[in-house]
Participant: 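To start, I am sharing the structure in question, which I have written as structure tokens.
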Amino acid sequence: MAISSPSPGFHLSLHLQNPTPTPHPGPNRKPRPTPTNETLRRRLLRKGVSATPKILHALRKKEAGKSLRRARKEAATATATAPPKEDALVAEEEARFRAAAEEYRVLMGRPWHGARGVVGPPRAASGEDGLVGLRKMLEERSGDRFQWLLDGDVENEGVEDARGKQRRVGSGWISEVGDEERRIELLVSRLNEVDLSSGDWRLTRMMKQADLIYNEDNLLQILKGLEAKGNWRQAVAVTEWVYNENSYKHRRSRFVYTKLLSILGKAWMPTEALRIFTIMRGDAQIYPDMAAYHSIAVTLGRAGLLNELIKIIDYMRQKPSKRVMMMRRKDWDPLLEPDVLVYNSVLNACVLSQQWKGVFWVFQKMRFGGLTPTGATFGLAMEVMLKSKKYEFVQKFFEKMQRKGVPPRAITYKVLVRAFWEQGKVNEAVEAVKDMEQRGVVGAATVYYELACCLCNKGRWKDAMLQVEKMEQFRLTKPLEFAFTGMILASFDGGYISECISIFESMKDYCTPNIGTINVMLKVYGRCDMFGKAKDLFETTTCSSQPHIRGHSSLKADVYTYSSILEASASAQQWEYFENVYRKMTLSQHHLDQSKYSWLLIKASRAGKPYLVEHALDSILERGEIPDVELFTENICQTIAESDYGRTLHLMNTMSAASVNMNEQQWSDLLLQNSHRFRVHGLKDLITHLSTSDAIKTDPGHSFVRALQSQCATMLAKDAEEPQADNCSHSNLMEHDELSCKDSLGSHEFSDSSTGIPVSDVKAGSGGDIVLRGPHSEDEHRNLAHWGTQVSAIDKVLDSMSSFGNCSSYEKMPTASEILESWEQECVDDIFAPKKGSRATMRG
């Protein structure tokens, strides 16, 4: 059949029309099979319904009727829309194809004609790109109408399939076909890099990009990879995300949840493990079995949660809820009895909680249940009694263990040696270790470590060194330096100071002392008035390198090192060295623990180093921490003594901002304890300054003002009573002092040009004190007489110096950062300053 060539402007849509856009199913289509009883039963179990045979029979009849009606309807539809004859269909299809081919020739031209300037898709040498261009053009025009023409004509994935690659749309991952292990490793590595919760959209995108089927095996591999990195949060998030998806909601695995309990147990997360265990008890598919009970019992036992562990034992013997029971078959029996491992976990929890009566409860339950205690059971029972200071039961359980024929282990002898040590029975501890060696029990380093510490505590450090040699023969879980540190501490607790030094010197023949051992020795030297040795050890430690027997090692001082040497300096009253060490500590970016060592700064302040307390207080505030109340009170007392009332007011406001509260009684006790540091006029001036200032508006400031007024009145009354008592008891002595003062001073005048104090006459008062007489001395004397006291010459001079020479204020004081910069500059100047005894100086 000849077809005339259409014009170039003829549109393809006029020729290509699909007469049957919605094809109907053919008459030979197989009907949907009727579900069986087993299929119906599983479908109901997923919904939490346990069906009886009668219900299954009725449902199956209904499903069979639905299937029959559906088949009849499809047959009637197929008959009503019967296709035309086969020949007519073939002819119509051929006509549409020829029309499409002619339209393509009009657009692209014939191969031997070359390019004719027509607009069309690019044409390659092989012709493959031309077909692809036609496909794109038809899709852009009307992809729905011409879908029948495009299906199966162009294959664009053949090249990628030939190379064995597969690209997943929207993921950007190209991986080997079926290479699930590689994808799992990539997913685990990405999960370990971030911290995401189960509801985070990034976790959803990451899990979907992996393009994995999250079945039981794949999930176990993912959890194993997360467990290796200790990432328990991601393990919980992944498990919750997978089983919250609709496609996996009814495919939960008990093995996955048990693995998750194990991960949480190793991460010491008992609360999270209890939450997962509660989820398992609420679902019949993942209801806990014995392995799950073992995992949660061990986790709770290590955490010492005895009450929760007893509840777990009760859950083992209780039936699940009615909803859970209806989700399983009738003969399902989830009831279990605790075994030896569960009871050992109870004993482990009793160790931390020191519930020694729980040991007898455990043995009673094991006897009723027909369970035989193991060596671990007896060892844990002995450890519980040791922690509870029930030493007689430790020996009894050990003897019972031998009567039962249970072979003791090295950990059992460790507990026995420790019990003898705490009782002071050193010989019995030595005999116990010899008995272990004679029985052929494979020892452990911990047994000999306990015996060595026991011997050191009683002054037998040479015998302890023999145990160290035995300790080296075993595999050590910790370095040998920890053993020597423990031995030194045991000797120090026993009061054997010289033995501590001997152990430290002998330690260098076995290993290099670490910074922990150095800190312990500094503590020993400081508390035994050996400041010289503590100083030498500290200076040696802070050097860049330190030679030892086994080579060279660099020890870096930590905050405990500086704290120990500061304590030693304070005990020896070496305040200059104390300040030097404090500067080094600050320059090393270490901070003193104010909860433990604030008393050191207070003691240094009262010894003439008040600026150290000020620097410590400013540094704590700059770090955003709340200073200790003792640092505030010491700074306040210091500012009152120095008449720096602006600083006092600022400290009061800082206390209010930091929520540091003190009541009036506490302020009164503080002022009474430090009354020797204050003067009456200083307290009066402070009251005047605080009353004229509106900055104090909170309770700490108000209670301070009330306590200050009370203390001022008390001091004034005390000063008024003292001259009368002195006149009655020491009148002769006062007259002699007055005459001596008149002879020595006469009518000379005092003047101080540097401070600007006005010239005044000196005259001995009636109470024997030297008083100053000036132009306004009579008026001042009357004002002072109103308070019932007189001012001595020394107090008058000090008050004049404070009033005329006090230029300090809080705004002009340097901050902690400025002080730190000045200290750093001093260190640099000291390093590069030429020494007096250097060769260059001598040559010059």
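These values consider heavy atoms only, across backbone and side chains, with no hydrogens, waters or symmetry-generated copies.
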Participant: Under 3.5 Å, sequence neighbours excluded: what are the donor-acceptor pairs made by side chains of residues 281-295?
Facilitator:
| from | atom 1 | to | atom 2 | distance (Å) |
| --- | --- | --- | --- | --- |
| Asp283 | OD1 | Gln285 | N | 3.2 |
| Asp283 | OD2 | Arg252 | NH1 | 3.4 |
| Gln285 | NE2 | His250 | O | 3.4 |
| Asp289 | OD1 | Ala292 | N | 3.2 |
| His294 | NE2 | Asp339 | OD1 | 3.1 |
| His294 | NE2 | Asp339 | OD2 | 2.6 |
| Ser295 | OG | Ser262 | N | 3.3 |

Participant: I'd like to check the side chain to side chain contact (heavy atoms under 4.5 Å, CB included) partners of Ile515; sequence neighbours left out, ordered by chain and number.
Facilitator: Ile518, Asn519, Thr541, Asp558, Thr561
Participant: When rounded to the nearest 0.5 angstrom, what distance separates OG1 in Thr485 from CD1 in Ile503?
Facilitator: 10.5 Å
Participant: Which residues satisfy the salt bridge (Lys or Arg N to Asp or Glu O under 4.0 Å) test with Lys414, sequence neighbours excluded?
Facilitator: none
Participant: What's the separation between atom CG in Leu260 and atom OG in Ser253, rounded to the nearest 0.5 Å?
Facilitator: 11.5 Å
Participant: Just jot down the side chain to side chain contact (heavy atoms under 4.5 Å, CB included) partners of Gln364, sequence neighbours excluded, or say none.
Facilitator: Arg367, Phe368
Participant: Distance from Leu371 atom CG to Glu337 atom CD, nearest 0.5 Å?
Facilitator: 9.0 Å
Participant: How far does CG of Leu261 sit from CD of Glu272, to the nearest 0.5 angstrom?
Facilitator: 10.5 Å
Participant: Report all side-chain donor-acceptor pairs from residues 442-452 shorter than 3.5 Å, counting only partners two or more places apart or in another chain.
Facilitator:
| from | atom 1 | to | atom 2 | distance (Å) |
| --- | --- | --- | --- | --- |
| Tyr448 | OH | Glu437 | OE2 | 2.9 |
| Glu450 | OE1 | Arg418 | NH1 | 3.3 |

Participant: Who are the ring-ring contact (aromatic ring centres under 6.0 Å, His included) partners of Phe393, not counting sequence neighbours?
Facilitator: Phe360
Participant: In terms of side-chain geometry, is the basic nitrogen of Glu38 or Arg41 positioned less than 4.0 Å from the acidic oxygen of its partner?
Facilitator: yes
Participant: Under the rule for ring-ring contact (aromatic ring centres under 6.0 Å, His included), what residues qualify as partners of Tyr560, not counting sequence neighbours?
Facilitator: none
Participant: Rounded to the nearest 0.5 Å, how far does CD of Glu431 lie from CG of Leu416?
Facilitator: 12.0 Å
Participant: Could you grab the distance from atom CG of Leu212 to atom CD of Glu180, nearest 0.5 Å is fine?
Facilitator: 6.0 Å
Participant: For Tyr343, check ring-ring contact (aromatic ring centres under 6.0 Å, His included) against everything at least two apart and list the hits.
Facilitator: none
Participant: Verify whether the ring centers belonging to Tyr413 and Phe398 lie closer than 6.0 Å.
Facilitator: yes
Participant: Please name all residues satisfying salt bridge (Lys or Arg N to Asp or Glu O under 4.0 Å) with Lys387, sequence neighbours left out, ordered by chain then number.
Facilitator: none
Participant: Taking only residues two or more places apart in sequence or in another chain, which ones pass ring-ring contact (aromatic ring centres under 6.0 Å, His included) with Phe492?
Facilitator: none
Participant: Glu469: what forms a side chain to side chain contact (heavy atoms under 4.5 Å, CB included) with it, not counting sequence neighbours?
Facilitator: Leu466, Tyr510
Participant: Can you list everything that forms a side-chain hydrogen bond (donor to acceptor under 3.5 Å, both in side chains) with Ser595? Sequence neighbours excluded, please.
Facilitator: Asp593
